[in-house]
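Written below as C-alpha cells is the structure these notes are about.
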Amino acid sequence: MSPSASEPAPRSADCAEPSGLYDLAVIGAGSAGLAGAVTAAELGLSVALLDSSSGTGGQFYRHPVPATGALRPEALHHDWAAYAGLRRRLEASAVTHLGGHHVWTVAREGGAEDGRLGGTRGGPDVSRDGRQDRSGGGERPWTVHAVTGADGCAERPVRVRARAVLLATGAYERQLPFPGWTLPGVVGAGGAQAMLKSGLVLPGKRVVVAGSGPLLLAVASSLAAAGARVPAVVEASGYLGYARHPRVLAANPHKLAEAVLHGSALLRHRVRLRTRSAVTEVHGRDRVEAVTVTRLDRDWRPLPGTARRIACDALAVGHGLVPQIELATTLGCATRATPDRATALVLDEQQRTSVPDLWAAGETGGIGGAQLARVEGEVAGLAIASRLGGRPARPARVRELQRRRDRMRAFADAMAAAHAPGSAWSRWLTDDTDVCRCEEVTAGSIRTAVADLGARDARTVKLFTRAGMGWCQGRMCGAGVACLAAGAGPVAAPAERRPLAVPVPLGALASLDEPSGEPSGGPGGGSSARPAEGPPMTHG
Amino acid sequence: MARARTPADLVGAQAGPPFEITFDGRPVPALPGQSVAAALWAADILAWRTTRVGGRPRGAFCGIGQCYDCLATVNGSPNRRACLVPARPGDAITTQEGHGHEPLGV
Ligand code: FES
C-alpha cells in the first residue's frame, strides 16, 4: 500500500481500536454532525466523530486542506462564520475526531438481526420520556465499522463502540442521464463545486451549469467568481413554484436573501438564466465541445424546434440532492418519500429514527441545507444527552430549535416540490444513451427489459441488465433507472438498501469474526475485494 | 467581489511551491494539498481511465468519492479514487484500462 494513502487525522487516537465504549458515535463531520458532536460533548458525553474526509465541514463547508495555504477559504462560502464557530467548539471539546474513516456498516452488538428487533424486546420502551438510566437495562451498544485512508484503501479496519449513534451522512447529487453525459468534461454541479472548494480547480474555461434546484445558482456564482465564464445557467423548473407558498417564503427571509445574493452575482458576471430548459445533448468526441439546450413544457418534455447550441468546454449538471441513508436503511430504519420523489429517513421531533438509540440529522431526514442541518444536529445532541443522562437537557432551547427546524423544513419541502423532476424527463434519452455509467447499460436495454421481459421496478431491471450493479451501486443511475422501470406508471421509491455503504477490503470483512478488542486486520491483511467486478457483495 | 483570475487568487492561496507528478509519463505540476484529480484538472486533463465495455474515456464526475468514475492507477495500484487521493511528489498516475487488472490477466 502506498504511504500516500494514510493521512494522519488531526485529533485521531492513532490506534486501530479507539479505546472503550463511547457514549456517542457521530458519523459525518458536516454541519449536522459537528453541531451534534459538540453539543453532546459540552453536556458531558464522550463522543467519537467519524468522517471519510480528513477535515471537517462536510460538502457544504468543503475547503482546501491547510497545505494549500488558503488565506481566505471563506471567499468560496456563504455563512462561513457558522462553521468557524462549530470548529472552535470542536477544538475546545474532548471529541475524538477520526478523519479519513470511511464507515461501511453499523451493527448492534450481538448481531445485526437482533439490532433490528431491538426496539421491541427487552422490556418497556423507556426512550420516550428520556428516563433511561445511564448504565443499564437498555440496548446493547453499537459497533461502527470503518476503513481508513484517503479513499478507504489503507485496509486498516477500525471499530468504534458507542451507546448511541448519530447519522449525519448528508447527501449526494441526483443525476438524470441524457445523451452525452458520460463525456469527459461533464461533471456533477456539486462535483464542480467540491473540486473548486477543495482543490481550487475548474473543469474548464467556459462552463454551462444545468439541471434543477437552488444549488445551480450557488455553483454558477462560485465558478464565475473563480474565473470561469458561465455562458448559461439552465434550470429545468421555473421559479414560480415558490410563489405557491407565500407564507413559507415570508417565514424564511434568509433564503430569499441568499437567492438575491446569487442572482446579483450572476448578473454581475453576465450569466444568462434560462428556466424551463434543459441540456438534452452534449457534443464532442473525447471531451465536451458544446451542449444543446432545449425548452421544456411543464412536464419537462422537450419542445420541438427550440433546440440551441451553446459552445463550452465543460458542463456542470445536477438535479438537486438525495439523502445518503444506506447505513440507516440497512438497519431497518423507516423511510418516507419526499416531495421531489427521493427517500428520506422518518425522524421524530427529537431526531430519532425508528430504531432505538439511532439518531439522524441534516440531509438524511430530507434535503434542507446547512443551516437546518446545524439546528437538527443540536436538537439531536441535546436529545441524546438527555436520553443517556436521564434528565431533560435545556428544554427551552430545544423548543426554540424545534420551532426553527419546522419553519426551515417547510421551506425545504416547498423547494423540493418546485424542483421535482418532471414526469417526461426521460424523453431526453435516446436508446443508446448510457444510463448506468459503471456498467454501461443503455436506456434501450432498460426499455427492453421493461417492455419485453416485464421488469416493473429498479430491482428487476438490475437483475436483467446489471444497471446499478457496478462500483457506485446505483448512486448515479438510481433515479434514472427507477423512472425508466416505472414506464408509464408511478415511480416507486428507490430501495436505498446497499449492504455496504462503501467498498470494503476483504481483510476488513474477515476481521468481523475476530473478537472485538483486538486490533483487527492490519496493513496488507487481505487483498482488496473492490477492484475486479464491483463491490464484494451485491444484493438483489 | 471582482472576478478573480483563478480559484487560488480568490481564496488567497499561498501554497508552497508546486511539485511534480506524472500522468502516463508526462510531467504534471501539483500544488500541496491538491488531490490527484484536481492536479489533473488543473493541467486540463479530464480523462484518465477507459471503460471496460466500450473503452470510453472517463475522469472525475461527482468529485466526492461516490461515482467511481475517477478511478486511476496510482503508483501501480489500480482503482484508486483520484478525487480523494492526495497528490504526493513523484506520484506516477497512469491511465487505467477496463477494471484495472489487465497486467494480472484476471
Ligand atoms: S469523481 Fe466520483 S468518485 Fe471520484
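The figures that follow rest on heavy atoms only: side chains count, while hydrogens, waters and symmetry mates do not. The sequence lines fix the lettering, A, B, ..., with proteins before strands; numbering per chain opens at 1.
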To the nearest 0.5 Å, tell me how far [X] [atom1] sits from [Y] [atom2].
X      : Y      : atom1 : atom2 : result
A:Q175 : B:C62  : CD    : SG    : 9.0 Å
B:L84  : A:S53  : CG    : OG    : 8.5 Å
B:F61  : A:L183 : CZ    : CG    : 11.5 Å
A:L196 : B:L10  : CG    : CG    : 7.5 Å

Exercise for the section: Mind running salt bridge (charged side-chain N to carboxylate O under 4.0 Å, His left out) on B:D44 and A:R287 for me, showing each step along the way? Expected result: CA-CA 11 Å; B:D44 201 29; A:R287 56 186 293 170; 3.0 Å; yes
For a quick test of reading the model, state the closest non-hydrogen atom pair linking [X] to [Y] and the distance between them.
X      : Y      : value
A:P184 : B:A47  : CG-CB, 3.8 Å
A:A194 : B:I64  : CB-CG2, 3.6 Å
A:A150 : B:V85  : CB-CA, 4.2 Å
A:V201 : B:W41  : CG2-CE3, 3.9 Å
B:R56  : A:R285 : NH2-O, 3.3 Å
A:V187 : B:A60  : CG1-O, 3.5 Å

Handout entry: Side-chain donor/acceptor of A:D151 to backbone N/O of B:R81, under 3.5 Å
Key =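 Indeed, once roles are kept as given, a pair shorter than 3.5 Å links the two residues.
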Problem - Donor-acceptor contact below 3.5 Å, side chain A:E440 vs main chain B:G54 - result: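 Checking the backbone N and O of B:G54 against the side chain of A:E440, a donor-acceptor pair under 3.5 Å is found.
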Handout entry: For chain B, the option from A:D434, A:T182, A:D313 that forms the most heavy-atom pairs under 4.5 Å
Key =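 Answer, by heavy-atom pair count under 4.5 Å with chain B: A:T182.
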Practice task
Please determine, among A:K205, A:H63, A:Q193, A:Q59, the option with the most heavy-atom pairs under 4.5 Å with chain B.
Solution key: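 The residue among A:K205, A:H63, A:Q193, A:Q59 with the greatest pair count is A:Q59.
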Handout entry: Most chain A-contacting option - heavy-atom pairs closer than 4.5 Å, from B:C67, B:A39, B:A42, B:A8
Key =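 When all of B:C67, B:A39, B:A42, B:A8 are compared, B:C67 has the most.
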Handout entry: Top contributor to chain A contacts, counting heavy-atom pairs under 4.5 Å, from B:G59, B:P57, B:A87
Key =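 Between B:G59, B:P57, B:A87, the count favours B:P57.
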Exercise for the section: Please state whether the side chain, the backbone, both or neither of B:A82 comes within less than 4.5 Å of a heavy atom of chain A. Expected result: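 Contact with chain A involves no heavy atom of B:A82 at all.
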Handout entry: Test item: B:V11 and A:L200 side chains (from C-beta on) under 4.5 Å apart, heavy atoms
Key =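 They are in contact (side-chain heavy atoms under 4.5 Å apart), so the answer is yes.
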Handout entry: Modelled atom types, side-chain donor and acceptor of B:Q66 and A:E173, under 3.5 Å
Key =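 No, because no side-chain N or O of B:Q66 sits under 3.5 Å from a partner of the opposite role on A:E173.
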Problem - Proximity breakdown for A:V186 and chain B, heavy-atom pairs closer than 4.5 Å - result: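 Both backbone and side chain.
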